[in-house]
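Taking it in order: structure first as structure tokens, then the write-up.
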Amino acid sequence: MTHNATVPNPKMPTLCPTQSALRQALRGRGVIGFVPTMGNLHDGHIQLMRMARERADCVVASVFVNRLQFAPHEDFDRYPRTLARDCELMATAGVDYVFCPTETELYPEPQTCLVDPGPLATLHEGEFRTGFFRGVATVVSKLFHIVSPDFAIFGKKDYQQLQVIRHMVRQLAMPIEIVAAETARAEDGLALSSRNGYLSPSERAEAPRLYRLLSTLAAQLQSGHHELWQLETDAMATLAAHGWRPDYVRIRRQSDLQPATEACQDLVILSAAHLGSTRLIDNLEVQRPAR
Ligand code: PAF
């Protein structure tokens, strides 16, 4: 994909490192579309920003590596910080403003007031990354207060994150529309992710197996296979047989990520697995036929 396909003369976005600069810049700017990120952008992020550009008078993106959502053993310190390159990409997507606070700007004092998204945050990713969704919900709610967007766009790649944010916005009556964007994939099916850059060449060659597996499961569900537990167990075994360390492969209902009843047709297959030292997640929505 060429990044400058839709914007003939890309204009660099204005950097706003402080809350006050951003609030001032956004005064009277009409419909505001917002894309929160942790930077190290890839085509998936750029697609979200282009979607925002089509619907908004003013597009704001944030670039902030949020310490609150990283466990002590996770990759906070080595998470790539690439703001200059990110800005060039955002220019091609027509982003107007980039909110890029320092840690002291966003967390000037220890953040003891936290947003707990409730039971949804303890499932799946929450089982393996304690406190992750509390960190995400806290920073996203803080960013929402600062940016005051009319809508915000989140990728389905982080499916549970999307559901957690929808839940938070609904329960806390935040006047923000949450727009979901389809997962952007490489030609071989691998979901685009900033963490793909950690993969060695041989791991990168192996990585698309995860999406192929999800696609096979989806086809099995669509052809009427209803032993969900068996499908999940077989998928975990397939990954393990190819050198992965799977955390989970689970078939759940889309609405609340809980086990699906027989009547439920709107399913999602959620997965997370380690390949070498990199943890990949992917998911696929499936509509299965009525029984
Ligand atoms: O998806 C991400 O990149 C992050 O979780 C988010 C939403 C920017 C919050 O830090």
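Remember, it's 1-based here, ligands and their atoms both numbered in the order they're listed. Since the structure is predicted, the reported quantities are computational estimates derived from the model, not experimental observations. Only this structure's heavy atoms are used, side chains among them; waters, hydrogens and symmetry mates stay out.
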Run the numbers for me: atoms of ligand 1, each under 4.0 Å from some heavy atom of [X], listed by number.
X      : value
Gln69  : 4 (C), 5 (O), 9 (C), 10 (O)
Val139 : 9 (C), 10 (O)
Gln161 : 1 (O), 2 (C), 4 (C), 5 (O), 7 (C)
Thr37  : 8 (C)

Please set out all donor-acceptor pairs under 3.5 angstrom arising from side-chain atoms of residues 229-236, sequence neighbours excluded.
unit_1	atom_1	unit_2	atom_2	d
Gln230	NE2	Asp234	OD1	3.0
Glu232	OE2	Ile251	N	2.8
Glu232	OE2	Arg252	NH1	3.3
Thr233	OG1	Trp229	O	2.7

Apply side-chain contact (heavy atoms from CB on, under 4.5 Å) to Ala137 and list each qualifying residue two or more places apart in sequence or on a separate chain. Val115, Pro117, Met168
Assess Arg81 against Phe76: is NZ or CZ under 6.0 Å from the centre of the six-membered ring, and within 45 degrees of the ring's axis? yes
Charged tip of Arg195 within 45° of Tyr79 ring normal and under 6.0 Å: no
